[in-house]
Amino acid sequence: QVQLAESGGGLVQAGDSLRLSCAASGRTFSNYHMGWFRLAPGEERDFVAGISWDGSRTYYADSVKGRFTISRDNAENTVYLQMNTLKPEDTALYYCAARPFPFVYSDSVARNGRSYNSWGRGTQVTVSS
């Protein structure tokens with residue numbers, strides 16, 4: 001399995017921006033579709049965004065569409081989550097996850113945490129009002 005390490009979280013104010021990174025190692029990064037999920041206290045883990053192995057397809061939760069952008073750099077073995085116009089309700093522990101290619105990667109598959117077999121430990125994002 002690929003190893004994943006998130007970074008870039010922090011404490012920001014509402015309206016600010018952050019860029020999360022997820023560095024992959026141990027396997028060929030371009031062989032994986034990637035997703036971002038988040039877990040807030042007292043809540044279930046939620047899908048945030050997903051990107052196919054070649055970056056040609058992206059998927060977003062309705063709550064972040066238009067504010068967050070997922071991207072990847074296969075040469076750098078990294079997937080990013082650019083988060084703009086942050087809101088207090090975006091406060092959560094953010095995880096990246098990997099799903100092997102060539103397994104199918106559709107919108108419904110991307111949104112299901114069970115589709116992924118590798119997870120990072122997460123990076124905390126806290127947005128104050």
query: Distance-only, no hydrogens or angles: does the D90 side chain make a donor-acceptor pair with backbone N or O of K87 under 3.5 Å?
result: yes

Going by chain and number, the hydrophobic cluster around V79 (ILVMFWY, side chain to side chain under 4.5 Å) further includes V2, L4, V12, L18, L20, F29, Y32, M34, W36, V48, I51, Y60, V64, F68, I70, L81, M83, L86, Y94, V125, V127

Under a 3.5 Å distance rule, please check whether R57 uses its side chain to pair with a backbone N or O of S52 as donor and acceptor.
no

task = Please step through salt bridge (charged side-chain N to carboxylate O under 4.0 Å, His left out) for the pair D62 and K65, ending with a clear verdict.
result = CA-CA 5 Å; D62 288 344; K65 199 171 295 184; 3.4 Å; yes

Separation between CZ (R111) and OG (S106), nearest 0.5 Å, reads 10.0 Å

Output for pair (Y59 OH, F47 CZ), nearest 0.5 Å, gives 9.0 Å

(message) Test your reading of the model: is there a side-chain donor-acceptor pair from Y95 to the backbone of G35, 3.5 Å cut-off?
(response) no

With sequence neighbours left out, the residues meeting ring-ring contact (aromatic ring centres under 6.0 Å, His included) with F101 are H33, W53

Is the side chain of E76 donor-acceptor paired with the backbone N or O of N74 at a distance under 3.5 Å, no angle test? no

In this structure, CD of Q13 is separated from OG of S128 (nearest 0.5 Å) by 5.0 Å

Checklist entry - Any sub-3.5 Å donor-acceptor pair from Q1's side-chain atoms to S118's backbone N or O? => result no

dist D107:CG -> T58:OG1 (nearest 0.5 Å) comes out at 10.0 Å

In this structure, CG of D54 is separated from CZ of R72 (nearest 0.5 Å) by 8.0 Å

